[in-house]
There are 2 protein chains.
Amino acid sequence: MPATSNPNGHFTGHAIAVDVVLLTILGGTLKLLLVKREQAPYRGAWALPGGLVSPEESVDDAALRELQEETNIGNIYLEQLYTFGEPNRDPRGRVITVAYYALVNWQQFQLKARQRVTEASWFPVKRLPPLAFDHRRIVDYALERLRNKINYTTVGFQLLSRQFTLTELQGSYEVILGQRLDKRNFRRKMLQLGILKGTRDFKANGRQRPARLYTFTEPKVIKLQEKGIIVPY
Amino acid sequence: MPATSNPNGHFTGHAIAVDVVLLTILGGTLKLLLVKREQAPYRGAWALPGGLVSPEESVDDAALRELQEETNIGNIYLEQLYTFGEPNRDPRGRVITVAYYALVNWQQFQLKARQRVTEASWFPVKRLPPLAFDHRRIVDYALERLRNKINYTTVGFQLLSRQFTLTELQGSYEVILGQRLDKRNFRRKMLQLGILKGTRDFKANGRQRPARLYTFTEPKVIKLQEKGIIVPY
DNA sequence: TGACAAAGTGTACGGGATACACTATATTTT
DNA sequence: AAAATATAGTGTATCCCGTACACTTTGTCA
């Protein structure tokens, strides 16, 4: 039991953990990064990357550090999701966890993952194995938040490379929302938002007409987030 | 210092606190409930109601309990806001705080608040005194979230009594958004949402024509939250 | 009974969400 | 070199909703 009191009785010790819901698109489906637990409890079970917060670091930093340590991925923007504070969510005793989530482009991540410490793997969110602790609940919460958030922010872009085609962008929205979108309406909407800039490059995808590559123009995003982006359909 | 490790070295103790941003409308302005600190640090300063989480209770329960203890207000819905986890936000040592917020109807609260333990008072959010710890930052964050949330949820209703006039409802939206709304558009929008039910009662407000009282029809709200409520203007 | 003050009501305009199908073109195959 | 392929890329009509805007109604109180 971790709970302790210091001499003056004003503080009670709790263990604080962080857990990271990291999502990507791979093969046209949304996938979640899981690591295999090497210690009890739930030894051998799949779990979210994460671990305990050290006394000297911020909670945000702990999330980044754990992700770095367990999956060798770093330098990404983690958004705080929710804090889960039920007394019995960890069989070892009282552990409160602060959950984070992020979307990453799989290709960029793949490179960094070569020399991993922990066994890690991507699972389609529609077919997850049994998860340790209450991690399933955390994942469900993250997915719900994501589907909501894609309607008024630019999270859909985090899944793509720096340059991307409009078809790829539409695909990331479709995977997150779980529904098909109309090509003409989607393109008109995205282009008129003014956050995309066409490049002179094209992407050849086999034996069809190559598609123009676009980039994301950061500066205009802030204003949009105030107004709220509404995606077609 | 509260930080401790247990024998096996796997757990590190942290103090977990909760803080509650409780808002109401009083005299046409948005007000925040603050309590006067009776102990060091920041003794005598105004602070958010809150305190440390006990080992046996959930974080949500702790927020409700602290609010009950310090202000004698209970039985309200607290929404989790954000977890603040910087290492040096409390001069006593490492304290991570989970912030909550809620809107209440002042008249209902007033009754309950008569017999308070701690000195507490409502302050207009535009003229707050210096606050203890990083509570100012927490308040600012709550206000930002609230202004955002009122556009797609029904938080504006929590400020009112069970029966209310459309003018009162509009007033609560105006106070939160900090801008005037058009009466005709506001009424049309609210009525067509289908979440209001007119009663046969009227509220006489002096020497004008009395206004019809409405109630809020809970069941339809869930569907609306999926679609998102857009308030006129 | 007349003044008061807030309650309550309608319409015109513009923009954007929606529905819907064909042409353009680089690549690969024959 | 011509034909087949498969995705890229494009326009229009409709409808709903957000917006702007001002006068009439009515219970109360002097």
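Basis for what follows: all heavy atoms, side chains included, without hydrogens, waters or symmetry-related copies. Labels below follow one simple rule: chain letters A, B, ... track the order of the sequence lines, proteins then strands, and each chain is numbered from 1.
Among the heavy atoms of the strands, none lies under 4.0 Å from A:T165. Residue-level contact check: B:R212 touches the backbone only, with heavy atoms under 4.0 Å from sugar-phosphate atoms and none from bases.
Residue A:R209 places none of its side-chain N or O atoms closer than 4.0 Å to OP1 or OP2 of D:dA6. At D:dA6, one or more side-chain N or O atoms of A:R207 fall inside 4.0 Å of OP1 or OP2 (strictly under the cut-off).
With D:dG11, C:dG8, C:dA5 as the choices, the nucleotide that has an atom nearest any side-chain atom of B:R187 turns out to be C:dG8. Residue A:K189 has its side chain nearest to C:dA17 when only C:dA17, C:dG10, C:dT18 are considered. Taking the side chain of A:K183 as heavy atoms from C-beta on, and the options C:dC4, D:dA8, C:dT18, the nearest nucleotide is D:dA8.
Rounded to an integer number of Å, the gap from CG of A:D182 to C1' of D:dG11 is 12 Å. Protein atom CG of A:N185 is 16 Å distant from nucleotide atom P of D:dC15, rounded to whole Å. The distance from atom CG of B:L193 to atom C1' of D:dC17 is 12 Å, rounded to the nearest whole Å. Counting to the nearest Å, the P atom of C:dG8 and the CE atom of B:M190 are 16 Å from each other. Going from atom CZ of A:R188 over to atom C1' of D:dT14 covers 12 Å, rounded to whole Å. Here D:dT7 presents its P atom at 11 Å from CZ of A:R180, a figure rounded to the nearest Å. In this structure, A:L166 places its CG atom 10 Å from C1' of D:dA8, rounding to the nearest Å. One interatomic measurement links the two molecules: CG of A:L181 to C1' of C:dA19, which rounds to 14 Å at whole-angstrom precision.
No N or O donor and acceptor, one from the side chain of A:N205 and one from the base of D:dA6, sit under 3.5 Å apart.
Projected onto DNA chain D by closest heavy-atom contact, B:P210 and A:P210 fall at different nucleotides, the more 5' of which corresponds to A:P210. Place A:R184 and B:A211 on DNA chain C by their nearest nucleotides, and B:A211 ends up nearer the 5' end.
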Next on the checklist: Determine whether B:L159 and B:N105 satisfy the following criterion, side-chain contact (heavy atoms from CB on, under 4.5 Å), listing intermediate values before the conclusion.
Outcome noted: CA-CA 4 Å; B:L159 292 162; B:N105 171 246; 5.9 Å; no

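At least one donor-acceptor pair under 3.5 Å links the side chain of B:T199 to the backbone N or O of B:D201. No side-chain donor-acceptor contact under 3.5 Å links B:Q108 to the backbone of B:S161.
The minimum heavy-atom distance linking B:A17 with B:V53 is given by the pair C-CG2, 4.2 Å.
Environment of CD in B:Q192: crowded, with over 12 heavy atoms of neighbouring residues, nucleotides or ligands closer than 6.0 Å.
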